[in-house]
Amino acid sequence: MNLAKSISHFCLIFKGDFDTMNISKKEFEMNLLTVINEKVSAAFKAAGFDDAQTLVRAADRPDLADYQANGALALAKSQHQNPREVAEKISEELKKDSFFSEVSVAGPGFINMKIKDEELTKLAAQILTQEKAGYERADKPQTVVLDYCGPNVGKVLHVGHLRSGNIGDAVRRIMTFAGDKTIGDAHLGDWGRPMGLVLTELQHRWPDMPYFKPDYTGDDGYQIPFTLADVVEAYPIASAKAKEDEAYMEQAKQYTRELQEGKKNLRDLWKKFVDLTKADTQDLMQQLNVHLDLWWGESTVNDRCVKMIESLKQSGMAELDEGAWIIRQEGDTPPLILVNSAGASMYAASDMATIEAREEEFKPDAIIYFTDARQGLHFSQVFASAKKAGICPENVKLEYQPFGSVNGADNKPYKTRDGGVPTLRFLIDSAVQKARTKMDAGEIGRDLTDAEKDEISHTVGVAALKFMDLMNDKVKNYIFDEERMVSTEGKTGPYLLYAMVRMKSVLEKLGEPKDDTLILTNPAERKLLLNLYTFPENVQIAYDNRAPHVIADYLYKLCQDFNLFYHDCPIKDADETTKNSRLNLVAYTLKVALICADMLGLKVPNKM
RNA sequence: GCGCCUGUAGCUCAGCUGGAUAGAGUGUCGCCCUCCGAAGGCGAAGGUCGUGAGUUCGAAUCUCGCCAGGCGCGCCA
């Protein structure tokens with residue numbers, strides 16, 4: 001994504017023409033970018049350029065400027081004028097504004113602006129004290145359903161669920177912060193042939209369960225003899241047996257059908273192992289601080305799915321081809337298969353029915369899917385078909401947000417040392433264990449009790465795991481380096497947590513600031529303050545691109561700037577004014593950092 | 001064969017909806033604790049942005065070709 005473009009998009013609504021927008025000027029002076037953009041926009045007008053984009057953004061050459069405007073370049077191009085002359089004219093107007101200490105034209109026509117320290121410090125109390133630290137929603141808030149996590153009954157959660165849950169939840173948090181109404185749905189895989197297979201295998205192993213007695217009426221108080229581990233083990237075994245043993249396969253098919261028809265004994269048993277999966281998933285997601293609002297599954301839309309397929313057949317949208325019911329696609333795209341030639345409905349049908357259910361229940365503006373990058377074709381078929389069939393209204397946006405795979409050092413999908421697929425529980429446990437080892441070996445945390453160490457190492461370990469997963473552009477594969485993950489050096493979860501713990505610690509030990517006066521006496525303070533002001537733009541870019549890594553990157557830079565400030569600017573022994581000012585900076589930084597951490601679903605301990 | 005994604009420092013990655021001298025981290029080398037948390041900070045070295053054209057005043061960024069890697073292509077999810 002392009003920073004400049006995203007910011008300019010963000011700026012588009014601020015044309016300096018507040019009256020026509022029926023919004024008070026005050027409300028728009030909510031962050032530094034909009035303040036400057038208003039000034040530059042006014043200068044454009046005064047110089048005779050009315051409708052041009054100002055293209056204001058934080059300078060990418062901090063040695064030359066605080067903010068820059070690239071609008072003169074674009075303007076000169078469209079009007080066939082000399083860009084430097086255009087920039088000079090605008091810059092002459094800007095120089096009249098006492099807000100800036102320096103305005104100059106550089107290179108082909110960049111307008112560079114430096115802001116007076118007093119202006120910069122004065123704005124802090126107006127901007128950084130706001131609940132959202134200057135972030136202002138540009139367009140109308142939306143209702144959005146987000147589909148992530150995606151656990152499957154009978155299968156153990158693995159690294160793919162880590163990505164789906166982490167990324168989906170982070171995007172949900174970002175959207176929620178931005179003002180959207182969000183609904184996170186786990187989309188449980190709890191239907192179809194796998195369920196029949198599990199039922200069959202459970203019967204083989206525990207034939208005495210009441211569910212299989214001919215006179216079954218209910219399972220009140222019955223304690224199931226199997227655990228989640230048994231269910232997870234049962235599925236692949238059943239799957240293998242079914243391929244060999246025809247009778248076994250027939251039994252599984254029959255159970256699948258009877259389950260879907262609602263036969264009570266099977267439904268009751270099915271519910272037992274679905275609940276086991278759900279409880280396990282809930283536990284893991286809670287450990288990861290991934291929030292879900294909804295636990296709809298494929299079973300939730302079963303009845304709807306049956307009706308939908310019938311109606312698609314009636315309308316001619318679906319056609320029979322080689323024994324299967326399909327929906328033809330545009331161009332070379334292969335058809336979507338609704339019902340296979342054996343008469344079983346496919347997951348594409350279930351996904352379409354789920355869209356219909358979500359539309360009916362929530363009337364969302366958008367539905368966003370977080371699944372791995374291999375499902376692109378599937379979703380393009382489902383989306384196109386849902387639109388074509390009128391299941392999804394035209395104005396509802398269906399969005400597929402793919403993510404790359406997690407690879408080992410060999411750049412092949414990540415495996416444990418024994419070659420197995422690492423479970424999510426294993427990943428969490430080993431991250432926590434590593435954090436604990438680090439804590440026990442280090443000088444830090446000596447004064448903590450064992451219980452505190454347990455809790456903090458869990459927080460740190462999970463943050464390490466999550467941050468590693470969120471710090472890169474989600475569409476790319478990344479290499480899982482378990483040692484680097486828990487390192488406190490460099491761009492890691494523990495580094496961020498450490499910086500934030502320091503901020504908390506400073507405020508706790510030296511007290512909160514007495515008033516909101518801010519003074520700048522050191523370059524590190526100025527750098528940190530300027531960075532705090534760019535929070536709104538970063539949120540906007542992250543929002544527009546559904547890109548948690550933009551927040552991750554911003555938080556990292558904020559912590560770097562803070563650590564430099566912390567190192568260069570002593571607080572305890574400074575004079576009262578300086579001390580108070582620096583405490584203000586710490587408080588502002590902590591506030592913004594905690595918002596960012598929350599967007600990423602990172603918990604921040606008080607000590608570590 | 002068709003389609004999607006990726007290729008930037010030794011390594012791991014930002015930047016990619018066109019702008020200045022392409023940024024971090026890590027690794028290597030050097031420096032900084034009498035001080036609010038050194039799980040920290042500072043500095044040095046390190047790049048034909050896969051490749052070749054094109055568009056443009058200006059290309060890592062846009063277009064096209066090529067090369068390399070990953071993934072997907074009707075009855076699993």
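The basis for the numbers below is simple: all heavy atoms, side chains too, and nothing from hydrogens, waters or symmetry mates. Letters go in sequence order (proteins before strands), and every chain restarts at 1.
At whole-Å resolution of the value, CD1 in A:Ile551 and P in B:A14 are 16 Å apart. Straight-line distance from the CD atom of A:Gln381 to the P atom of B:C2: 19 Å, rounded to whole Å. Between A:Asn70 atom CG and B:C57 atom C1' the separation is 15 Å, expressed in whole Å. With rounding to whole Å, A:Lys77 atom NZ is found 13 Å from B:U55 atom P. In this structure, CE of A:Met468 is placed 14 Å from C1' of B:U26, rounded to the nearest angstrom. The CG-P distance, from A:Asn472 to B:G23, rounds to 20 Å in whole Å. Rounded to a whole Å, the CG atom of A:Asp553 is 10 Å from the C1' atom of B:C13. Going from atom CG of A:Asn407 over to atom P of B:G70 covers 11 Å, rounded to whole Å.
Heavy atoms of A:Val460 sit nowhere under 4.0 angstrom from any nucleic acid atom. Across all strands, A:Asp321 comes closer than 4.0 Å to base atoms (heavy-atom distances). Across all strands, A:Ala106 comes closer than 4.0 Å to base atoms (heavy-atom distances). Counting non-hydrogen atoms under 4.0 angstrom, A:Lys476 reaches a base of the nucleic acid. Residue-level contact check: A:Glu322 touches the bases, meaning some heavy atom is under 4.0 Å from a base atom. Using a 4.0 Å heavy-atom distance criterion, A:Gly107 is classed as making no nucleic acid contact. At a threshold of 4.0 angstrom between heavy atoms, the contacts of A:Asn112 include nucleobase atoms, whether or not backbone atoms are also involved. No contact: A:Asp573 has no heavy atom under 4.0 Å from any strand. Looking at heavy-atom distances under 4.0 Å, A:Arg193 makes no contact with the nucleic acid at all. Within 4.0 Å (heavy atoms only), A:Leu64 reaches at least one base atom of the nucleic acid. Using a 4.0 Å heavy-atom cutoff across all strands shown, A:Ile479 reaches sugar-phosphate atoms only and no base atom. Contacts of A:Lys155 with the nucleic acid, taken as non-hydrogen atoms under 4.0 Å apart, are absent. A:Pro494 comes within 4.0 angstrom of nothing in the nucleic acid, heavy atoms only.
A side-chain donor-acceptor contact under 3.5 Å links A:Glu201 and A:Tyr248. Side-chain contact annotation: A:Gln260 with A:Tyr255, donor-acceptor N/O pair under 3.5 Å absent.
Results of the side chain to side chain contact (heavy atoms under 4.5 Å, CB included) test with A:Leu465 over A:Leu470, A:Val460, A:Leu162, A:Val486 single out A:Leu162 as the only residue that passes.
Contact detail for A:Ala72 and A:Ile90: the closest heavy-atom pair is CB-CD1, 4.2 Å.
The side chain of A:His549 places an N or O atom within less than 4.0 Å of a non-bridging phosphate oxygen (OP1 or OP2) of B:G15. The phosphate of B:G37 has OP1 or OP2 within less than 4.0 Å of a side-chain N or O from A:Lys509. At B:G41, one or more side-chain N or O atoms of A:Tyr495 fall inside 4.0 Å of OP1 or OP2 (strictly under the cut-off).
Looking at A:Lys557 and A:Asp553, a side-chain N of the basic residue comes within less than 4.0 Å of a carboxylate O on the acidic one, giving a salt bridge.
Spacing between B:U28 and B:G46 at atom C1', rounded to whole Å, works out to 10 Å. Here, B:G72 and B:A53 have their P atoms 35 Å apart, quoted to the whole Å.
Of the nucleotides present, none pairs with B:U61 by Watson-Crick or G-U wobble criteria with both distances under 3.5 Å. Across all strands shown, B:C66 pairs with B:G50; the Watson-Crick or G-U wobble distances both stay below 3.5 Å. When both pairing distances are held under 3.5 Å, B:C2 makes a Watson-Crick or G-U pair with B:G72.
Heavy-atom nearest nucleotides on RNA chain B were determined for A:Ala499 and for A:Ser405, and the one closer to the 5' end corresponds to A:Ala499. Closest-nucleotide positions on RNA chain B for A:Lys607 and A:Gly189 were compared, and the one nearer the 5' end corresponds to A:Lys607.
We find that the ring of A:Phe110 and the base of B:A20 stack, their centres lying under 5.5 angstrom apart and their planes tilted less than 30°.
Between A:Phe379 and A:Tyr369, the angle of the ring planes lies from 30° to 60°, which puts this pair in the tilted group. The aromatic rings of A:Tyr554 and A:Phe535 lie tilted to each other, with the angle between the two planes from 30° to 60°.
At least one donor-acceptor pair closer than 3.5 Å links the side chain of A:Glu525 to the backbone N or O of A:Asn522.
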CA sep, side-chain torsions, deciding dist, call: A:Arg582, A:Thr521, side chain to side chain donor-acceptor pair (under 3.5 Å): CA-CA 10 Å; A:Arg582 287 178 177 171; A:Thr521 57; 3.1 Å; yes
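Between A:Val153 and A:Trp191 there is no side-chain heavy-atom pair separated by less than 4.5 Å.
Its glycosidic angle being more than 90° from 0, B:G7 falls on the anti side.
Against RNA chain B, the stretch residues 557-567 of chain A makes heavy-atom approaches under 4.0 Å through A:Gln560, A:Asn563, A:Leu564, A:Tyr566, A:His567.
For A:Arg57, whose side chain is taken as the heavy atoms from C-beta onward, the closest listed nucleotide among B:U26, B:C36, B:G19 is B:G19. For A:Asn340, taking side-chain heavy atoms from C-beta onward, the closest of the listed nucleotides B:G37, B:C57, B:C76 is B:C76.
Judged by distance alone with a 3.5 Å cut-off, no donor-acceptor contact links the side chain of A:Lys504 to the base of B:G37. For a distance-only test at 3.5 Å, the side chain of A:Tyr347 qualifies as a donor-acceptor partner of the base of B:A77.
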